[in-house]
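Note sheet for the following structure.
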Amino acid sequence: MIPYGRQHITQADVDAVVEVLRSDFLTQGPAVPRFEQAVAGHCGAAHAVAVNSATSALHIACLALDLGPGDLLWTSPVTFVASANCGLYCGADVDFVDIDPRTYNLSAGALAQKLAAAERAGRLPKIVVPVHLTGQSCDMAAIHELSKRYGFRIIEDASHAVGGRYRGEPVGNCRYSDITVFSFHPVKIITTAEGGMALTQDAALAARMEMLRSHGITRDAAKMTRMDGPWYYEQQLLGFNYRLTDLQAALGLSQMLRLDEYVARRHEIAARYDALLADLPVTTPWQHPDGYSAFHLYVIRVEEGAENERRRRVFEGLRARGIGVNVHYIPVHTQPYYEQLGFVPGDFPVAEDYYAEAISLPMYPAMTEADQDRVVAALGEALGEAGT
Ligand SMILES: *Cc1c(COP(=O)(O)O)cnc(C)c1O
C-alpha cells in the first residue's frame with residue numbers, strides 16, 4: 001500500500017534521539033527550548049511554546065485568549081475536529097464559516113457576511129480559527145482586517161502549513177493573528193511522533209501558554225505571590241501536563257534542518273501530479289498567488305454523478321489497487337457529536353459539496369516517481385470503472 005502520508009526518518013534523526021536517551025534529561029531538559037527557538041527563528045515569531053500535540057496547543061491558545069463559557073469560537077467546517085473541539089474544551093460555543101470554493105479554506109467573504117449578521121444579532125465570536133487547509137494559507141490579510149472591525153482574536157490552525165509562506169513571509173510569524181499552531185504528527189510536514197507548537201509575538205500570551213502546558217505552575221520568583229523558600233513553586237492557573245519530551249524535541253530539531261527541502265520536494269510532487277492528471281476528469285488543487293503552500297495534502301475533486309456514488313467508487317478502486325487515499329475532511333458540523341449540538345446537513349453547502357468530491361492522493365517527501373506513476377495509473381483505471 002502506498003500511504004497518503006508518511007514520515008521521513010534519517011540516521012541523523014535516530015542519532016539525535018539516542019543522544020537524548022543517554023543524556024541527563026528525557027524531558028524538561030535543553031532540547032525543548034532549542035526546538036522552540038529553531039521553529040520560532042524559522043518563522044520570525046518572538047515566542048514558541050512546544051506541547052505534546054497541536055490539539056493541546058489549540059486548547060491552551062484558546063485559554064490564553066480567555067475563551068470561556070458564553071463565548072463563541074468560529075472555524076472552518078472542513079478541518080480536523082480538533083480545530084473546533086478546542087472551543088468546546090473551554091466551555092465556549094462553536095460555529096462554522098463556509099469555505100471558499102477554490103482554496104477550500106474558510107472564506108473571508110462568508111466570514112464578513114456572518115459577522116455582519118452576528119453583530120445585528122448581538123453575538124460576535126471571541127475567537128476565529130482559520131485553518132490553512134492542505135498547507136495553503138487562508139486570506140489572512142482580509143481576516144485580520146475583519147478582526148479589527150469586529151474585535152475578535154485569531155488563532156491560525158497551521159497544522160498543515162509549517163514551511164509555507166503567505167505574501168512572501170513564513171506562516172507562523174503571526175503578522176495577521178494572535179497565535180499560530182503547528183502539528184508534528186507523523187503525516188504532517190515535520191514530525192516529533194506526537195507534538196505541536198504555539199507561536200506568538202506576544203510575551204504575555206507566551207507566558208500564559210507556558211504555564212498552562214505545565215499545570216499552571218510558575219517557578220519564576222518575580223511572578224509569585226509569596227516565597228516559602230528555595231523549593232517553592234506556585235500554581236496560579238488550572239493547567240495541564242501538555243509537555244513535549246526532550247526525545248521528541250530532539251527529533252523535531254533534527255527534522256527542522258530539512259523543512260525547506262521537504263516543502264520543495266512536496267512542490268515537485270504536486271507539479272508532477274498537475275501535469276500527469278491534466279488529461280483526467282478531475283479538478284487539481286488551485287493555488288492562490290498570495291501563498292506558497294507547504295503541500296501537506298494534494299486533494300483532487302472527482303465530479304459526483306447522479307447517484308452520488310462516483311467518488312466512493314473511485315476511492316474504493318484506488319484502495320483496491322493498493323493506493324492509500326484518504327478524505328480530508330468529513331465536515332465537522334456533520335459529525336454526530338456536532339449534530340447533537342444542533343447542526344444539520346445543509347448548514348454549510350460549499351463545504352458539503354467539497355466533501356462529496358474530495359480525495360487526497362498520496363503525498364510525502366520520500367515518494368518516488370514510480371510510486372506516483374502507480375497512483376496516476378490506478379486513478380485512470382478507477383475513474384474508467386466508476387462510470388457516471
Ligand atoms: C493534525 C491536525 C490537528 C491536530 O494535530 P495533533 O498534533 O494530532 O493534535 C489539528 N488541526 C488540523 C487541521 C490538523 O490537520
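Quick note: residue numbers are just sequence positions, from 1. Only this structure's heavy atoms are used, side chains among them; waters, hydrogens and symmetry mates stay out. Whatever order the structure lists ligands and atoms in, that order sets their numbers, starting from 1. From a predicted model like this one, the values you see are computed outputs, not experimental measurements.
His267 and Gln287 form no side-chain donor-acceptor contact under 3.5 Å, judged by distance and modelled atom types alone. Side-chain N/O atoms of His47 and Thr200 include no donor and acceptor closer than 3.5 Å. Of the N and O atoms on the side chains of Thr180 and Glu156, at least one donor lies less than 3.5 Å from an acceptor on the other residue. Defined by atom type and a distance below 3.5 Å, a donor-acceptor pair is present between the side-chain atoms of Asp13 and Ser254.
Of the listed options Ser183, Ala84, Ala193, Ser183 places a heavy atom closest to atom 7 (O) of ligand 1. Closest heavy-atom approach to atom 3 (C) of ligand 1 among the candidates Ser159, Ala57, Gly196: Ser159.
Taking the six-membered ring for Trp, Tyr166 and Tyr176 have ring centres closer than 6.0 Å.
Using a 4.0 Å cut-off between heavy atoms, Tyr329 contacts ligand 1 through its side chain alone, with no backbone atom that close. Residue His296 does not touch ligand 1, judged by heavy-atom distances below 4.0 Å. When heavy-atom distances to ligand 1 are checked against a 4.0 Å cut-off, Asp157 comes that close only through its side chain, counted from C-beta outward.
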Does the side chain to side chain contact (heavy atoms under 4.5 Å, CB included) test come out yes or no for Thr134 and Tyr298, once each step is laid out?
CA-CA 7 Å; Thr134 74; Tyr298 188 91; over 6 Å; no
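The aromatic rings of Tyr354 and Tyr104 sit tilted relative to each other, their planes meeting at an angle between 30° and 60°. Ring orientation note: the planes of His8 and Tyr262 are nearly perpendicular, at an angle over 60° on the 30°/60° scale.
For ligand 1, the atoms sitting less than 4.0 Å from at least one non-hydrogen atom of Ala54 are 4 (C), 5 (O), 6 (P), 7 (O), 9 (O), numbered in the order shown with element in parentheses. Annotation for ligand 1: atoms under 4.0 Å from non-hydrogen atoms of Gly195 are 7 (O). Residue Thr79 approaches ligand 1 through these ligand atoms, each under 4.0 Å from one of its heavy atoms: 13 (C). Against a heavy-atom cut-off of under 4.0 Å, Val131 is close to the following atoms of ligand 1: 13 (C).
Residue-ligand proximity: Ser83 is placed with a non-hydrogen atom under 4.0 Å from ligand 1. Using a non-hydrogen distance threshold of 4.0 Å, Lys188 registers as a contact of ligand 1.
Note: no N/O pair closer than 3.5 Å links Glu194 and ligand 1 by distance alone.
For Arg311 and Tyr355, the positive end sits near the middle of the six-membered ring, less than 6.0 Å away and at most 45° from its axis.
Nearest protein heavy-atom neighbour of atom 9 (O) of ligand 1: Thr55 OG1, 2.5 Å.
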